Each structure stands twice: as structure tokens, then as C-alpha cells.
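Right, one structure below, let's go through it.
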Amino acid sequence: MIRVIGFDLDDTLWAIEPVIRRANRVLFDWLQARYPRITHGHTPESLHALCIEYMRARPGQRHDLTTLRKSFLRHLGHEAAYAEDFAEEAFAVFYAARNTVEPFPEVEGVLAALARRHVLVALSNGNACIERVGLARYFRLAVNSAEAGAGKPDPRMFHLALERLGESAEAMVHVGDHPEHDVLGARNAGVRAIWVNRMGASFPGHIPAPWGIINNLTQLPPLLAMKAG
Ligand SMILES: [Mg+2]
């Protein structure tokens, strides 16, 4: 009996690449207008590349992107010899844009239908906010890697969600686009996984096969019905 359905967010409910690209542009414009020594000689892309490099050098903090991005912003301010700390304000600018997403067309209808019979929970390695994104009404709970202390495929995020819901791993399936984070992560927690393969990729051979595979979320309710029957 499946009572709980976990959903990854980025690239499962919306495409993240255009969102981050736009958020980087918005942040860049904001910095350029107020702290031009930071953006001098940079493009949004080169500043983003610097951010990625900064994050890669700190793998121990990778699960907490909010803290990491704020510390990167403080670092930029320091390097450009700005005395004031604008990291919180700059992060708020980025974060508003990062949560301006366009869900894939079928997402809201499927979430609404599934939420009538199941408990939906969001499990993300990123820092999206389902309230700001506008999908909170479908979810009982949202857990991210910063709260769990580790990102998927570590099982802690699943354990935390199940503990908060008072449910067991057998009562849950998890739906996500990432073979390692979502499929292997769920398996590490004893949770069945459904892989969302929107791009027609082949599933990596080194990861145990998922419980189910779908190309988009419209296939999820019939798959769950079939598996239950
Ligand atoms: Mg994802």
C-alpha cells in the first residue's frame, strides 16, 4: 500500500537550468547597479563559474546551498573591498528569481490528483521553496539536504521525512529525475523509486534498476494504479 509519494523538485517538476541562468542574470544586474567593482570584468556566466568553483572547493557544505551562496557573496564583497555586508540582501534577490519557476505542463494537475489519495512530500538537494514556487498546497511536507545534513543519495533525507510523517519506508515511493540522487538515494533508504526520464536517456548500468520508469508525470497515476493492482 503506497501512502506517501516523495517528489524531487529541480528537473522533476520544472527545468532548473533556465531558472538558474535567469537568477544569475538578475543577481548580476543587481550587483552591477550597487557593487560594480564585483561585476567589473565579469559576465553573469563568468561570475556563475566562479561561484561553482567556490562551491566545488567546499564539498563538505554542498548540501547547504543557501549558506554556501551567502558565503560566496560575502567573499565577493570582501575581494572587491566593500565594507558593508550585503550578502543577505543579494541572496534575497537571487532567491526570489530562483523560486520563479515554470512547472512542466502536466505537473499541477497530477499533483492535485495524487494529493487526494496520497501524502506528498518534497525531497530536494537544492534550496527551492515550495511555498514561493506556488505548489505548497499539494505537499504535506518539504525536506531538503540542508535540514537533513546530507543530500541524496544519502538516505538521511528520506529517514527524516518518514520520521516526521510517522510512516515506514515500505509505505513510500519516491519520484525523481536523477538516477543516483533519486533512484539510488531512495533505495539506500529502503524506498521504491520511480525514475522520471524526460530526455529519453538510458539508465546507468551501475545503479540498481528503479521500481518504475516514466517519461513525464502523466504516466505516474496509471503506473501506481497498475503496481497496486
Ligand atoms: Mg532533480
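Atoms within a ligand are numbered from 1 in the order they appear, just like the ligands themselves. Since this is a predicted model, take the numbers as computed values, not measurements. In this chain, residues are counted from 1 in sequence order.
- Among residues two or more places apart in sequence or in another chain, the side chain to side chain donor-acceptor pair (under 3.5 Å) test is passed with Q32 by none.
- Note that CG of D64 is 11.5 Å distant from CG of N125, once rounded to the nearest 0.5 Å.
- Here H42 contributes atom NE2 and R37 contributes atom CZ; the two are 14.0 Å apart, rounded to the nearest 0.5 Å.
- No donor-acceptor contact under 3.5 angstrom links the side chains of T66 and Y95, judged on distance only.
- Only protein N, O or S atoms were scored, and 3 of them lie under 2.8 Å from the Mg ion (ligand 1).
- F7 and F139 have perpendicular rings, their planes meeting at more than 60° on a 0 to 90° scale where under 30° would count as parallel.
- Between the CZ atom in R187 and the CD atom in E180 there is a gap of 14.0 Å [rounded to 0.5 Å].
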